[in-house]
Visitor: 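There's a structure below that I have some questions on.
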Amino acid sequence: MKITILAVGKIKEKYLENAVQEYKKRLGRYCRLEIIEVADEKTPGNSGTAEESIIRAREGVRLEKYIKSDAYIIALAINGEQMSSEAFADKINRLGINGTSHIIFIIGGSIGLDNSILNMAACKLSFSEMTFPHQLMRVILLEQVYRAYRIINGEPYHK
């Protein structure tokens with residue numbers, strides 16, 4: 001299976017980049033992992049709804065270039081479905097069993113994803129009702145994908 005993480009913005013902190021590289025290495029035995037970053041827009045602290053909508057749209061156009069029509073799209077969204085690690089593992093496993101060979105996870109920028117991207121998603125996934133920095137979300141997602149593959153393969157992993 002090919003897993004693509006399509007994310008708005010670059011990771012700036014070295015410790016987060018180190019974590020991403022560690023999970024890339026660990027996941028190498030389970031899937032082909034690709035991480036694609038698109039440029040984020042500057043978001044002024046006092047931006048209004050209209051300005052934020054324009055920013056999300058611009059970021060959405062950048063993301064769309066990398067969305068493949070034959071991939072299963074999972075968008076990370078605060079109002080998405082929440083699931084346990086076991087249910088997440090089962091979802092990935094069932095997708096593979098049913099013939100899906102490519103999953104694209106999309107992580108938006110600091111103000112989320114444009115509706116055009118959310119509408120392309122076959123699944124909207126939320127990790128919590130809490131808000132996390134989008135750079136940290138990449139590490140959390142990679143850890144959960146790694147955990148899912150450990151669960152799928154019946155390998156031990158802390159609970």
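If you're wondering where the values come from, they're calculated on a predicted model, not measured in any experiment.
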Visitor: Is Arg62 close to Glu59 at the side-chain level, that is, under 4.5 Å between some pair of heavy atoms?
Guide: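 The answer is yes, as the side chains (C-beta and beyond) meet within the 4.5 Å cut-off.
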Visitor: For the residue pair Val8 and Gly108, what are the closest heavy atoms and their distance?
Guide: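 Scanning both residues completely, I find the closest heavy atoms to be CB-C, 3.8 Å.
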Visitor: If I compare all heavy atoms of Cys31 with all of Ile3, which pair ends up nearest, and what's the gap?
Guide: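 Here Cys31 and Ile3 meet closest at SG-CG1, 3.7 Å.
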Visitor: For Tyr146, give me all partners under ring pair (Phe, Tyr, Trp, His ring centres under 6.0 Å), at least two apart in sequence or on another chain.
Guide: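 Listed in chain order: Tyr23, Tyr157.
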Visitor: Supply the atom-to-atom distance Asn153 CG to Asn93 CG, rounded to the nearest 0.5 angstrom.
Guide: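 Going from CG on Asn153 over to CG on Asn93, the span is 8.5 Å.
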Visitor: Do other residues, nucleotides or ligands put more than 12 heavy atoms under 6.0 Å from Lys12 NZ?
Guide: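 Above 12, so yes.
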Visitor: Would you check if Leu33 and Leu142 make a side-chain contact, meaning some heavy-atom pair closer than 4.5 Å?
Guide: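 Yes, side chains in contact.
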Visitor: Output every pair passing side-chain hydrogen bond (donor to acceptor under 3.5 Å, both in side chains) with a member in residues 121-141, not counting sequence neighbours, ordered by first then second residue.
Guide: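 Found Glu37-Arg138.
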Visitor: Evaluate the side-chain proximity of Pro156 to Arg150: yes if any heavy-atom separation is below 4.5 Å, no if none is.
Guide: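 Side-chain contact under 4.5 Å: yes.
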Visitor: What's the verdict on side-chain contact (heavy atoms from CB on, under 4.5 Å) for Leu27 and Val145, showing C-alpha distance, side-chain angles and the deciding distance?
Guide: CA-CA 8 Å; Leu27 281 164; Val145 171; 3.9 Å; yes
Visitor: Looking only at side chains, do Glu155 and Tyr30 share a donor and an acceptor under 3.5 Å apart?
Guide: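 The answer is yes; a qualifying pair exists.
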Visitor: Taking atom CZ of Phe127 and atom CE of Met83, what is their separation to the nearest 0.5 Å?
Guide: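 Rounded to the nearest 0.5 Å, the CZ-CE separation comes out at 8.5 Å.
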Visitor: Provide the closest heavy-atom pair for Ile92 versus Ala148 in the form atom of the first, atom of the second, distance.
Guide: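 Heavy atoms only, the tightest pair is CD1-CB, 3.9 Å.
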Visitor: Please round to the nearest 0.5 Å and tell me the distance separating atom OG of Ser101 and atom CE of Met1.
Guide: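 That separation rounds to 7.5 Å.
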Visitor: Tell me whether Leu125 shares a hydrophobic cluster with Ile36, the cluster being built from Ile, Leu, Val, Met, Phe, Trp, Tyr side chains joined at under 4.5 Å.
Guide: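 Not linked; separate clusters.
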Visitor: Is any side-chain N of the basic residue among Lys91 and Glu81 closer than 4.0 Å to the acidic one's carboxylate O?
Guide: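 No.
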Visitor: Among the clusters formed by ILVMFWY side chains lying less than 4.5 Å apart, do Leu95 and Ile104 turn up in the same one?
Guide: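 No; tracing contacts between hydrophobic side chains, which count when under 4.5 Å, never links both residues.
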Visitor: What's the spacing between Ile111 CD1 and Asp40 CG if we round to 0.5 Å?
Guide: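 Result: 10.0 Å between the selected atoms.
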Visitor: Taking all non-hydrogen atoms of both residues, which atom of Leu118 and which atom of Ala77 are closest, and how far apart?
Guide: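 That closest heavy-atom pairing would be CD2-CB, 3.9 Å.
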Visitor: Measuring from Asn119:CG to Ile73:CD1, what's the distance to the nearest 0.5 Å?
Guide: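 One gets 13.0 Å once the value is rounded to the nearest 0.5 Å.
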Visitor: How long is the gap from CG on Leu141 to CD1 on Ile74, to the nearest 0.5 Å?
Guide: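 So the CG of Leu141 and the CD1 of Ile74 are separated by 8.5 Å.
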Visitor: Are the side chains of Leu113 and Leu63 in touch, meaning some heavy atoms are under 4.5 Å apart?
Guide: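 Of all side-chain heavy-atom pairs linking Leu63 with Leu113, at least one is under 4.5 Å.
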Visitor: Could you tell me whether Lys25 and Glu22 make a salt bridge, using a distance below 4.0 angstrom between a side-chain N and a carboxylate O?
Guide: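 Between Glu22 and Lys25 there is a salt bridge, with a charged N closer than 4.0 Å to a carboxylate O.
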Visitor: Assigning hydrophobic clusters by single linkage (Ile, Leu, Val, Met, Phe, Trp, Tyr; side-chain heavy-atom cutoff under 4.5 Å), is Ile140 placed with Leu16?
Guide: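 Yes, Ile140 and Leu16 fall within the same hydrophobic cluster.
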Visitor: Checking Tyr72 against Asn98 for the side-chain contact (heavy atoms from CB on, under 4.5 Å) test, could you report, in this order, the C-alpha distance in whole Å, the side-chain angles of both residues, the deciding distance, and whether it holds?
Guide: CA-CA 11 Å; Tyr72 187 88; Asn98 292 328; over 6 Å; no
Visitor: Identify whether Tyr15 and Met137 are in the same connected component of the hydrophobic contact network (ILVMFWY, side-chain heavy atoms under 4.5 Å).
Guide: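 Linked, Tyr15 and Met137 end up in one cluster.
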Visitor: Please test Tyr66 against Glu34 for side-chain contact (heavy atoms from CB on, under 4.5 Å), starting from the C-alpha separation and ending with a verdict.
Guide: CA-CA 11 Å; Tyr66 296 98; Glu34 171 184 46; over 6 Å; no
Visitor: Taking the side chain as C-beta and beyond, is there a heavy-atom pair between Ile5 and Val20 under 4.5 Å?
Guide: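 Ile5 vs Val20: side chains apart.
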Visitor: Does Ile11 belong to the same Ile/Leu/Val/Met/Phe/Trp/Tyr cluster as Phe105, with side-chain heavy atoms less than 4.5 Å apart forming each link?
Guide: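 Per the 4.5 Å side-chain linkage, Ile11 and Phe105 are co-clustered.
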Visitor: Test side-chain contact (heavy atoms from CB on, under 4.5 Å) on Ile67 and Ile106; report intermediate values, then the result.
Guide: CA-CA 9 Å; Ile67 297 174; Ile106 304 176; 3.7 Å; yes
